[in-house]
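Every value quoted in this text rests on a predicted model; they were computed, and no experiment measured them. Each chain gets a letter, A, B and so on, in the order its sequence line appears, and its residues count up from 1.
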Amino acid sequence: MVTGYARMKDLENARRYFDEIPEKNVVSWNAMLSAYAQNGFPEEALKLFDDMMNSRDKPNETTWAIVISACSSCGDCSLADSFVQKLNQKRIHLSYFAKTALLGMYAKRGSLQAARQVFDELGVSRNTVTWNAMISAYTRVGDLASARELFDKMPERDVVTWNSMISGYAQNGQSALAIDLFKDMITAADDPKPDEVTMVSVISACGHLGALDIGNWVISIVRKNHIKLSISGYNSLIFLYSKCGSMNDAKRTFQEMTTRDVVSYNTLIAGFAAHGHGMEAVKLLSKMKGEFVEPDRVTYIVILTACSHAGMLEEGWKVFESIKAPDADHYACVIDLLGRVGKLDEAKKIIDDMPKEPHAGVYGSLLNASRIHKRIDLGEFAASTLFELEPHNSGNYILLSNIYASAGRWDDVVRVRELMRKVGVKKATGWSWLEYKGKLHKFIVGDRSHERSDDVYRLLAELGRKMRNSGYMADKTCVLRDVEEEEKEEMVGTHSEKLAVCFALLVTDAEAVIRVVKNLRVCWDCHTAMKMISNLEGRKIILRDNNRFHCFSDGICSCGDYW
DNA sequence: CTAGGGTTAG
């Protein structure tokens, strides 16, 4: 009865029957322990384990497997350590179930060598679950190569194996590899069918790539295989649609859900924030309170971002003041909010009065606002702090350099560039890509391997002429004067986003919306270029990278970067 | 009665 109710997630009745058991034995305790552990209440399981230790019943192998796993779910590794120590002292043997749980605990804690040692010691008792645990141990620390090595050489794979590897790629920024592996999974003859967990990872990967066509193909597989989507499944759909600029589909999916959790709200609000729809975001905040979904720290981050991007100072400030215990991230958002509308001195004062230690994000907001409003004094202050906090983040140097450039202080521009060289940081470059008719097209500076490179460069030159004629790139051309030849390409050269946008302009001539995706932070001069193109061509352009989303229309960007 | 996999963030 206890297990049956636990499987139906009815913990109240499970506990009722458990309490009514007149003479409990170890199996009764184990049933109730796992009822808690497997339904997301590991703390309750550990509390019950305390009761068990005070009873006449002694734990067995099964108990240890549950308890160790519960410890790692709670993040209380030291508790698990003390259990293992006691067991070793009493020379009590751990079953391979418990050892697999222990492996998982070491993995969660980041002790990869310890995890691997358990894996190796298990020897012949290794089964698919053990291999899976080791694979996710590797992906958790980002060691995809080692994970894949195990994946390739293990004797048998089940659906969890595939899910571990696919989500491993997805969570480490390898969205394309996640999708490729998913394709292998459904093509392989005797491999397991994908389940909801598979689809959640793959749909999210499509979202990160902005690959709506592939995303729709994945959704068709969900339907074909009659995979029932739970809240997380719907959440991943909201994410996909939001990232691909289909806000109507995102809203529709949200409305179709019968129950929504805090992630559903956060995801849709983030979508609105990325599109500059501040009012809709704030409306969702009151809606979720009305439905008794408690906002979490992510909710406040995305709401403040939405207000900031829409220039909604008063609304955003009210939200910030309502946060019970704002952390440094919330401060970073509110500095951004104030900074973008030009209230930089107020922003600086808030940093000075912060109850917590400000982190790089806080100074980053101030630096960015200083760039927008050309405040050299505060920009220098923020940058000098950031150079200490994160000396290898090239973005900070670029922002400061751009502040000097906009003021015509070329000596200082050169000085920052020299500092970069001395510290050994290089401006980040990377591939840009976009999806067109279900195919991903990649671009990088200087590369001419794309089939339409000639056309792309011709259009680029034409746009460059238009821009110069309309007086845009003035700052950048001036920068050229005092700079070494080798640096010219780095500073004013074409960026991969520009190539991608040119391609989009070429192939989607009739479309109003162009989607471009990039794997790195959108750099500022590219940002300027996109605003110009959208202005000159009278088109809406959606440009994005993994974390940011820029929707340009009439020379204005949804990220709020236009004051 | 037991171990392994999933969604959102500036």
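Across all strands, A:T62 comes closer than 4.0 Å to base atoms (heavy-atom distances). Among the atoms of the strands shown, base atoms are found under 4.0 Å from some heavy atom of A:D158. Contacts of A:I301 with the nucleic acid, taken as non-hydrogen atoms under 4.0 Å apart, include base atoms. Among the atoms of the strands shown, only primed sugar atoms or phosphate atoms (P, OP1, OP2) are found under 4.0 Å from some heavy atom of A:V302. The residue A:S236 sits apart from the nucleic acid: no heavy atom pair falls under 4.0 Å. Base contact: A:E196 has a heavy atom under 4.0 Å from a base atom. A:R140 comes within 4.0 angstrom of the backbone, heavy atoms only, and of no base. Among the protein residues, A:T299 comes within range of no part of the nucleic acid, since none of its heavy atoms lies under 4.0 Å from any strand.
Using a 4.0 Å cut-off between a side-chain N of Lys or Arg and a carboxylate O of Asp or Glu, A:R297 and A:D327 qualify as a salt bridge. Between A:D50 and A:K47, no side-chain nitrogen of the basic residue sits less than 4.0 Å from a carboxylate oxygen of the acidic one, so the salt-bridge criterion is not met. Using a 4.0 Å cut-off between a side-chain N of Lys or Arg and a carboxylate O of Asp or Glu, A:E280 and A:K251 qualify as a salt bridge.
In this model, the phosphate group of B:dT8 is approached by a side-chain N or O of A:S204 to a distance below 4.0 Å at OP1 or OP2. OP1 or OP2 of B:dA3 has at least one side-chain nitrogen or oxygen of A:Q38 nearer than 4.0 Å. Under 4.0 angstrom from either OP1 or OP2 of B:dT2 there lies no side-chain N or O belonging to A:S95. Close to B:dT8, at under 4.0 Å from its OP1 or OP2, lies a side-chain N or O of A:H208.
Taking only side-chain atoms of A:C333, from C-beta outward, the nucleotide of B:dG10, B:dA3, B:dT8 with the closest atom is B:dG10. Of the listed nucleotides (B:dG6, B:dG10, B:dT2), B:dG6 has the atom at the smallest distance from the side chain of A:V200. Side chain of A:N266, nearest nucleotide from B:dG10, B:dT8, B:dC1: B:dT8. The side chain of A:D261 approaches B:dT7 more closely than any other nucleotide in the set B:dG6, B:dG10, B:dT7. The side chain of A:S230 has B:dG6 as its nearest neighbour among B:dG6, B:dT2, B:dT8. Closest to the A:S201 side chain, of the nucleotides B:dT2, B:dT8, B:dG6, is B:dG6. Side-chain atoms of A:R297 lie closest to B:dA9 of the nucleotides B:dA9, B:dT7, B:dG10. Closest to the side chain of A:V298, out of B:dG10, B:dT2, B:dT8, is B:dT8.
Applying the ring-ring contact (aromatic ring centres under 6.0 Å, His included) criterion to A:Y169, with sequence neighbours excluded, gives no partner residue. Remark: A:R116 pairs with A:D120, A:Y138 by the side chain to side chain donor-acceptor pair (under 3.5 Å) rule, at least two apart or across chains.
A donor-acceptor contact under 3.5 Å is formed by the side chain of A:N127 with the base of B:dA3.
Distance A:I238 CD1 to B:dG6 P: 20 Å, rounded to the nearest Å. Spacing between atom CZ of A:R7 and atom P of B:dT2 amounts to 6 Å, rounded to whole angstrom units.
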Given salt bridge (Lys or Arg N to Asp or Glu O under 4.0 Å), test A:K24 with A:D51 step by step and report yes or no.
CA-CA 12 Å; A:K24 298 178 181 54; A:D51 298 342; over 6 Å; no
